[in-house]
Amino acid sequence: MKREKKLKNPVASFIMLTNLIFWPLFCLVGLAKMLEFPEWVFQVMLTISAWSSTFAFAVLFKRIYPEQRFAAFVKEKFKHKLKGSVLAMASLIQVSIFLLIMLIVIVNYKPDSIFTISSWGMLIYYFLKNLLSGPLGEEIGWRAFALMELQKRHSPLKASVIIGFWWGLWHLPIWFTTGYTGMELIQYVFFFMVSIISTSILMTACYNLNQNLIVPIIIHQFFNFFIGLINGNLVVLITYNAFFYLAAAILIVMINPKKVMYGKKDTTMVSRYLP
């Protein structure tokens, strides 16, 4: 059997293929909405499109790690015991941001209802739907592979910013479904990118401290879940979100140990996947 040629720039290839897969899938999602397909069909297609990064990584896997198996690689990313201190730190940061934004909305905008969801059943449904259509589908590609690969050559901080930028840009088609135009759209996109890059820094710091993929999955889940709970103008919410996540990222960069954000990443875990 002919051996496939190894990729020279696997991260760039991954980012390109992720977008090539996502765009057509997202167009099908939009078509399903326009043709008024049943809501469950729309939601299933939306969830599938969110897994484009995992699909891309699976397709490229043998050209990146020729001697390894995809299932073994994924399993390895969940094998380390979760550290309560890391989860507590990440959760405290994100819960605090959620409460601060909620307080600001209550005081300044006085909505009739502060929450977008009014029942426990819908809350559970929204939580699970959000988990399937975001964190579970994205983190195997973006964090388990691309982030770890970049940290072989760059500091964790630089790798975080690179991944955050391309991960944010991957959402580009979604920006044009918000209904915003002109300055509102520019404001939304700018603060969305600030939020995403800042969250990427938080993910990297916590992931490097624990090295279990559940950590960035939880951070990603809380990021999406909390902002979707607050009843308010999305541009306003994403602006406040960006401000507080950026503040958290700056604090992490300032106080984290050098090995977490500045030093060379320990590639012991990823080196075993090199041919």
Side-chain angles (χ1 to χ4, degrees), residues 46 50 84-135 138 160-161 164-165 167-169 171-172 174-206 215-256 261:
L46 186 64
S85 58
V86 175
L87 292 177
M89 178 184 72
S91 299
L92 180 62
I93 291 171
Q94 293 187 279
V95 169
S96 298
I97 291 173
F98 168 67
L99 293 176
L100 284 169
I101 294 175
M102 189 170 65
L103 181 62
I104 291 170
V105 170
I106 291 172
V107 171
N108 292 288
Y109 301 97
K110 299 178 175 62
D112 295 333
S113 174
I114 187 60
F115 297 116
T116 57
I117 295 172
S118 57
S119 70
W120 284 105
M122 286 302 297
L123 185 69
I124 294 170
Y125 166 75
Y126 174 66
F127 184 89
L128 294 175
K129 179 177 77 70
N130 181 78
L131 183 64
L132 287 171
S133 62
E138 296 177 34
S160 301
V161 174
F165 175 80
W167 179 41
L169 204 60
H171 292 82
L172 187 149
I174 301 174
W175 298 341
F176 297 101
T177 66
T178 60
Y180 299 126
T181 58
M183 287 305 300
E184 270 195 326
L185 180 60
I186 292 172
Q187 182 182 347
Y188 173 79
V189 170
F190 175 77
F191 287 110
F192 179 91
M193 290 297 291
V194 172
S195 296
I196 286 289
I197 293 172
S198 300
T199 305
S200 180
I201 292 172
L202 173 62
M203 285 180 170
T204 299
C206 294
V215 174
I217 286 174
I218 289 174
I219 294 172
H220 189 166
Q221 171 71 350
F222 281 173
F223 178 87
N224 289 354
F225 180 70
F226 283 150
I227 197 169
L229 282 185
I230 302 175
N231 187 19
N233 182 287
L234 186 57
V235 173
V236 172
L237 294 178
I238 202 69
T239 300
Y240 287 126
N241 216 45
F243 175 81
F244 288 121
Y245 271 94
L246 178 60
I250 292 171
L251 187 62
I252 287 169
V253 169
M254 291 175 62
I255 68 174
N256 254 251
M261 294 311 299

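The structure presented is a predicted model; accordingly, all values stated were derived computationally and were not measured. Position 1 is the first residue of the sequence; numbering continues from there.
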With distance as the sole test, does [X] use its side chain to make a donor-acceptor pair with the main-chain N or O of [Y] at under 3.5 Å?
{"X": "Thr116", "Y": "Gly228", "result": "yes"}
{"X": "Glu184", "Y": "Gly179", "result": "no"}
{"X": "Asn108", "Y": "Ile104", "result": "yes"}
{"X": "Gln94", "Y": "Ile219", "result": "yes"}

Give me the atom names and distance for the closest heavy-atom approach of [X] to [Y].
{"X": "Leu237", "Y": "Gly232", "result": "CD1-O, 3.8 Å"}
{"X": "Ser195", "Y": "Ile238", "result": "OG-O, 3.7 Å"}
{"X": "Val194", "Y": "Ser198", "result": "O-OG, 2.7 Å"}
{"X": "Met102", "Y": "Ile114", "result": "CG-CG1, 3.4 Å"}
{"X": "Leu87", "Y": "Ile218", "result": "CD2-CD1, 3.7 Å"}
{"X": "Ser119", "Y": "Ile117", "result": "O-CG2, 3.5 Å"}

Reported [atom1]-to-[atom2] distance for the pair [X] and [Y], which is rounded to 0.5 angstrom:
{"X": "Met122", "Y": "Phe115", "atom1": "CE", "atom2": "CZ", "answer": "15.0 Å"}
{"X": "Asn130", "Y": "Ile227", "atom1": "CG", "atom2": "CD1", "answer": "11.5 Å"}
{"X": "Ile201", "Y": "Cys206", "atom1": "CD1", "atom2": "SG", "answer": "12.0 Å"}
{"X": "Tyr245", "Y": "Ile250", "atom1": "OH", "atom2": "CD1", "answer": "15.0 Å"}
{"X": "Ile196", "Y": "His220", "atom1": "CD1", "atom2": "NE2", "answer": "6.5 Å"}
{"X": "Ile93", "Y": "Leu251", "atom1": "CD1", "atom2": "CG", "answer": "7.5 Å"}

Audit row: Phe98, Leu229, side chain to side chain contact (heavy atoms under 4.5 Å, CB included) steps and yes/no: CA-CA 9 Å; Phe98 168 67; Leu229 282 185; 4.3 Å; yes
Ring pair (Phe, Tyr, Trp, His ring centres under 6.0 Å) partner of Phe127, the single match among Phe222, Trp120, Phe225: Phe225
Audit row: Val189, Tyr180, side chain to side chain contact (heavy atoms under 4.5 Å, CB included) steps and yes/no: CA-CA 10 Å; Val189 170; Tyr180 299 126; over 6 Å; no
Option passing side chain to side chain contact (heavy atoms under 4.5 Å, CB included) with Leu103 (candidates Leu99, Ile101, Val105, Val107): Val107
Derivation and outcome, side chain to side chain contact (heavy atoms under 4.5 Å, CB included), residues Leu169 and Phe165: CA-CA 6 Å; Leu169 204 60; Phe165 175 80; 4.1 Å; yes
Minimum side-chain heavy-atom gap Trp167-Met203 below 4.5 Å: yes
Note, Phe176 side chain near Leu185 side chain (heavy atom, < 4.5 Å): yes
Enclosure of Phe243 CZ (heavy-atom neighbours >12, cutoff 6.0 Å): no
Ile97/Leu100 under side chain to side chain contact (heavy atoms under 4.5 Å, CB included): CA gap, chis, key distance, verdict: CA-CA 5 Å; Ile97 291 173; Leu100 284 169; 5.5 Å; no
